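This is a predicted model, so every value here is computed, not measured. Keep in mind that the numbers below use all heavy atoms, side chains included, and drop hydrogens, waters and symmetry copies. Just so it is clear: chains get the letters A, B, ... in the order the sequence lines come, proteins before strands, and each one is counted from 1.
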Amino acid sequence: MKKQFFHLWLLFFMGFLLMSYSEEKRLHIIIQPQFSSERVAENTWYVTENNDSIQFSKLRFYLTNFEIEKKDGTRYSIPDSNFLVDVFSEETLQLKFPDVSYAKGDELLFNIGVEKEMNTAGALAGALDPSNGMYWSWQSGYINFKLEGKSPSCASRKNKFQFHIGGYTAPYETTKRVHFILNAPNEPITLPLQIDAFFKNIQLKDEYQIMIPGEKASVIAATLPKLFSVNE
Amino acid sequence: MNRIKTYSICFVGIFICCGFAVIQHKEVLFDYPEYWPKPAYDFSKLSMTEEEFQLGRHLFYDPILSRDNTISCASCHLQATGFTHVDHDLSHGIDGNIGTRNSMTLMNLAWSTSFMWDGGVNHIEVQALAPITSEDEMDNSLEAIVEKLNASEKYKTLFYRVHNDSVVTGQKTLLALTQFVVMLNSYNSKYDKYIRNEAGGEFTAQEKNGLELFRTNCASCHKEPLFTSQDFKNIGLAVDTTLNDFGRMGITANKSDSLKFKVPTLRNIQFTSPYMHDGRFETLQEVLQHYTTGIQQSNTLAPELKNDILLTPNERVDLLVFLRTLSDTDFLFNKRFNYPNNY
């Protein structure tokens, strides 16, 4: 009897040793939304670089098609890795990949937004279910990034601004493939989201509503990778 | 020992349940003439079961899909008129609101590569989102519908029969509607029987001549056997300045698409009046009048219509007589497609 237990312990111990020797870590990302250096909250005033006072009521976006590139160049795409992040819903800021491990120095790739293939694939499930309020109806396709709020600078009704950024057809694609190297010393990995960067090139006085795919949306989409401090 | 026994009993139980459920599902067959092209639609997300078809049929006829439970899909798409709205040039929806376009016929949709007069919808499974969310049609949201359906014992049962799971999702709702509308196929008109050399398909001299005229003047766009090429064309209709609808350009933002609209099928055309995207013509005579003498020149006018279509009065009659051979009473009165009374 005792002997059996001993074997079990040995097994555990060896497993433990193995785990601590290999550099493999479980992939877990936490998105940290901030404005300048403040944590972003709903209905709180912030001031942009262009001196517009603003408040946010909605900030939701898709991060999809995650993939790991090992240092030796081999790639592994993580199946069904599609997340709808709602900045004001704490649990959606945690991107957990329970079955995915990586080593320090590996590269993580993903899309900000939803790729063309999934925009033309009909009714999908889970994060991509059209009942999540991130799908256009009169012109099929996902809203990749939705930011709404108000600012006294906007001449709109109730001073509202609404940016619904999406569109998958050339030349106005809005989905961005980005990547960064997984060498953060801490776990889980924090991915800062600098929302102030969104307003760098926007004069809210003139531009406060984009609700359709097209040139304007694609110009804004081009700035999204900067929000995440990742590379295109 | 005892434990193993209970487990195995459970196992057998589950097995029997599964078997039972699978046996219960009845397949629906997607039939079409073998000389037709292959459907464009990929059926892989549908269960192709009688249960999903019936669920979709219930949803199609149920005003539960609209904000105030007044408007169903069938309010604007009536079976007896080829699933379009008769007597209304622009479709009527919630609160008596009037939309900006004429309702479309629903048939042979599995062959369509885009949907709506401007092709703004790229896939049939997401088409229903347009009427559901339009303020003039059902003024609702898929989120709200899913919530309503999840609170309905009837629908929880119907969804359970399809998925062995009573939880309603947006995807499952859209797929069920798709399972119904994609089965609305019309291929038993007199014209079809003529092509197949079947009884009831004997064409008169007039009908034969009408078919010839059709092939010369119309079939490049209204392509057989579906009577649409799926293209977008400007057929030289004068712009209605109260609507200013520029069609395809509204989707592509490309000037060269100005005033182009989807080529509609002409099957069952005898019953689908009024005609065109804004329902401007009441009769097929008016439509022919347009093609022969009413075409407005513009940069984007279809090349096929640059030269006048010349038809003698007799030829017009023959063409109209031919168009009537596209009526398919098997389809228009198919009991499987009508209001679900007893399911």
K.L.:
Shortest non-hydrogen contact from Arg67(B) to Lys148(B)?
P.N.:
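Shortest heavy-atom separation between Arg67(B) and Lys148(B) comes out as O-NZ, 3.9 Å.
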
K.L.:
Could you pull out the closest heavy-atom pair between Ile68(A) and Ile78(A), with the gap in Å?
P.N.:
CG1-CD1, 4.4 Å

K.L.:
Please flag which part of Leu174(B) lies under 4.5 Å from any non-hydrogen atom of chain A: side chain, backbone, both or neither.
P.N.:
side chain

K.L.:
In plain terms, say whether Lys158(A) and Glu148(A) are close enough for a salt bridge, that is, a side-chain N and a carboxylate O under 4.0 Å apart.
P.N.:
no

K.L.:
Only heavy atoms, only distances under 4.5 angstrom. Which residues in residues 117-132 of chain A are near chain B?
P.N.:
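Result: Asn119(A), Thr120(A), Ala121(A), Gly122(A), Ala123(A), Leu124(A), Ala125(A), Asp129(A), Pro130(A), Ser131(A), Asn132(A).
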
K.L.:
Any non-hydrogen side-chain atom of Tyr208(A) less than 4.5 Å from a side-chain atom of Asn159(A)?
P.N.:
no

K.L.:
Taking the six-membered ring for Trp and the full ring for Phe, Tyr or His, determine whether the centres of Phe83(A) and Phe97(A) are under 6.0 Å apart.
P.N.:
yes

K.L.:
If you compare all heavy atoms of Arg60(A) against all heavy atoms of Asp86(A), which two are closest, and at what distance to 0.1 Å?
P.N.:
NE-OD2, 3.7 Å

K.L.:
I'd like to check the side-chain hydrogen bond (donor to acceptor under 3.5 Å, both in side chains) partners of Asp245(B); sequence neighbours left out, ordered by chain and number.
P.N.:
Arg101(B)

K.L.:
Pull out the residues in residues 114-126 of chain B that come under 4.5 Å of chain A, heavy atom to heavy atom, sorted by number.
P.N.:
Gly120(B), Val121(B), Asn122(B), His123(B), Glu125(B), Val126(B)

K.L.:
What's the shortest heavy-atom distance between Pro33(A) and Ile195(A), and which atoms?
P.N.:
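Nearest pair, atom of Pro33(A) first, then Ile195(A): CB-CD1, 4.1 Å.
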
K.L.:
Most heavy-atom pairs under 4.5 angstrom with chain A, which of Leu175(B), Thr133(B), Val146(B)?
P.N.:
Thr133(B)

K.L.:
Between Ala110(B) and Val182(B), what is the shortest heavy-atom contact and its length?
P.N.:
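What the structure gives for the nearest pair is CB-CG2, 3.6 Å.
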
K.L.:
Which bit of Tyr172(A) is near chain B, if near means a heavy-atom gap under 4.5 Å: side chain, backbone, both or neither?
P.N.:
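Contact with chain B is absent: no heavy atom of Tyr172(A) under 4.5 Å.
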
K.L.:
Can you check side-chain contact (heavy atoms from CB on, under 4.5 Å) on Phe30(B) and Met183(B), steps first, answer last?
P.N.:
CA-CA 7 Å; Phe30(B) 188 84; Met183(B) 301 304 290; 3.9 Å; yes

K.L.:
Which bit of Thr169(B) is near chain A, if near means a heavy-atom gap under 4.5 Å: side chain, backbone, both or neither?
P.N.:
both

K.L.:
What class does the angle between the rings of Phe180(B) and Tyr61(B) fall in, given that below 30° is parallel, 30 to 60° is tilted and above 60° is perpendicular?
P.N.:
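Plane angle over 60°, so perpendicular.
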
K.L.:
So which bits of residues 138-145 of chain A come within less than 4.5 Å of chain B, counting non-hydrogen atoms only?
P.N.:
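If one takes a 4.5 Å heavy-atom cut-off, the residues of residues 138-145 of chain A near chain B are Trp138(A), Gln139(A), Ser140(A).
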
K.L.:
Heavy atoms only: give me the nearest Gln230(B)-Ser112(B) pair and the separation to one decimal.
P.N.:
OE1-CA, 3.3 Å

K.L.:
Can we call the ring centroids of Phe199(A) and Phe161(A) under 6.0 Å apart?
P.N.:
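Yes.
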
K.L.:
Can you measure from CD (Glu67(A)) to CG (Leu108(A)) and round to the nearest 0.5 angstrom?
P.N.:
9.0 Å

K.L.:
Which value, rounded to the nearest 0.5 Å, describes the distance between Leu109(A) atom CG and Ser77(A) atom OG?
P.N.:
10.0 Å

